[in-house]
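Each ligand, and each atom within it, is numbered from 1 in the order the structure gives.
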Amino acid sequence: MTRLSVNINKVALLRNSRVGNYPDLYQFAKDCEEFGAQGITVHPRPDERHIRYADIPILKNIVKTEYNIEGYPSKEFMELVIKVKPDQCTLVPDAPGVLTSNTGWDTKTHQIFLTDIVSELQEAGIRVSLFLNADMDMVSSVVATGTDRIELYTGTYATAFLQDKEDAVKAHAEISKTVHQLGIGINAGHDLNLQNLKFYKESLPNLKEVSIGHAFIADSLYYGLKSTIQMYRNNLC
Ligand SMILES: CC(=O)[C@@H](O)[C@H](O)COP(=O)(O)O
Ligand SMILES: NCC(=O)COP(=O)(O)O
């Protein structure tokens, strides 16, 4: 089974565009789970453009499925995650001012750094996932970090899907098969949507979780939250 984890960053972005608490981020997370979401993902960025650090502990008491916190392992981020103890922490190599996540880790270059971070999170009882490009050259260093999972960055897949979907998914299918055989779990995310999700899932039989936010929230504006969750879940069957 592939879990659908809804990334609620963009609900927080809308909330932050006015003083007050509307839409209510916490009620939205509750409703996502009531309607069938199997996880909630948040990505607190240093500028707090959407998810605020103050949201993180509150959501910990609200999320009943799986709570996934994504972000760059800065000192502040690590202190927050270790304190809150989500089910999973997905480490992302984003620079502070980046518009959105746009690449995975160079685990070869950052192997020692990541190994220490992975170990610190695991000692706190948190499952760790590393955001990664579909690059077989990274596999040995990924294993060396001791990470529990990888999250395949699917932004390039989503772009290439429109031209040649078989070619777009090839590297992802190959690395997921290899990493699965090495005992590491496979997650995926970024720019997945109702057009490209089903083919991706069919091409990666060992996919444990997808985290989807931007397209999902946009779709919810048209179809409503309950219908959108069902539509995405139907693409993961
Ligand atoms: C890591 C990733 O690809 C997404 O989870 C990221 O959280 C998107 O961030 P924005 O919502 O700020 O674009
Ligand atoms: N890890 C990917 C995620 O949480 C959401 O990415 P996107 O669907 O907002 O591009």
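The protein atom (non-hydrogen) at minimum distance from atom 7 (O) of ligand 1 is H43 ND1, 2.8 Å. For atom 9 (O) of ligand 1, the closest non-hydrogen atom of the protein is R45 NH2, 3.0 Å. Closest protein heavy atom to atom 8 (C) of ligand 1: T100 OG1, 3.6 Å. What sits closest to atom 6 (O) of ligand 2 on the protein, heavy atoms only, is H190 CA, 3.6 Å. Shortest contact from atom 10 (O) of ligand 2 to any protein heavy atom: D191 N, 2.8 Å. Atom 12 (O) of ligand 1 has its closest protein heavy atom at H50 NE2, 2.7 Å. Given atom 1 (N) of ligand 2, the protein heavy atom at minimum distance is E151 OE2, 2.5 Å. The closest protein non-hydrogen atom to atom 4 (C) of ligand 1 is E70 OE1, 3.5 Å. Summary of contacts: the protein heavy atom closest to atom 4 (O) of ligand 2 is N7 ND2, 2.8 Å. At the top of the distance list for atom 11 (O) of ligand 1, counting protein heavy atoms only, stands N9 ND2, 2.8 Å.
Inter-residue side-chain proximity for R233 and Q38 is flagged as met; some heavy-atom pair is nearer than 4.5 Å.
A salt bridge links K75 to E79: at least one charged side-chain nitrogen sits closer than 4.0 Å to a carboxylate oxygen. Looking at E174 and K170, a side-chain N of the basic residue comes within less than 4.0 Å of a carboxylate O on the acidic one, giving a salt bridge. With respect to the salt-bridge test (charged N to carboxylate O, under 4.0 angstrom), the residues K165 and E202 do not qualify.
Within a 6.0 Å radius of CG in L13, other residues, nucleotides and ligands contribute more than 12 heavy atoms.
Relative ring orientation between Y157 and F199 is described as parallel, the plane-to-plane angle staying below 30° on a 0-90° scale split at 30° and 60°. The aromatic rings of Y232 and F216 lie tilted to each other, with the angle between the two planes from 30° to 60°.
Remark: ligand 2 atoms within the under-4.0 Å shell around heavy atoms of E70 are 1 (N), 4 (O). Every atom of ligand 1 with a heavy atom of F131 under 4.0 Å away is listed here by number and element: 1 (C), 3 (O). Taking every non-hydrogen atom of H190 and a distance limit under 4.0 Å, the qualifying atoms of ligand 1 come out as 2 (C), 3 (O), 4 (C). Residue-ligand proximity, K10 to ligand 1, at heavy-atom distances under 4.0 Å covers atoms 10 (P), 11 (O), 13 (O). With ligand atoms numbered from 1 in the order given, ligand 2 contributes 7 (P), 8 (O), 9 (O) to contacts under 4.0 Å with heavy atoms of H214. Distances below 4.0 Å separate heavy atoms of T41 from the following atoms of ligand 2: 4 (O).
The part of N7 lying near ligand 1 is the side chain, judged by heavy-atom distances below 4.0 Å.
Compare G189, S211, G213 by their heavy atoms: the one nearest to atom 3 (C) of ligand 2 is in S211.
The two residues H172 and L204 make their nearest non-hydrogen contact at O-CD2, 3.9 Å.
No side-chain N or O of N7 forms a donor-acceptor pair with one of T41 less than 3.5 Å apart. Using modelled atom types and a 3.5 Å distance limit, the side chains of K10 and H214 yield a donor-acceptor pair.
Side-chain atoms of Q122 never come within 3.5 Å of backbone atoms of V128 as a donor-acceptor pair (strictly under, hydrogens ignored).
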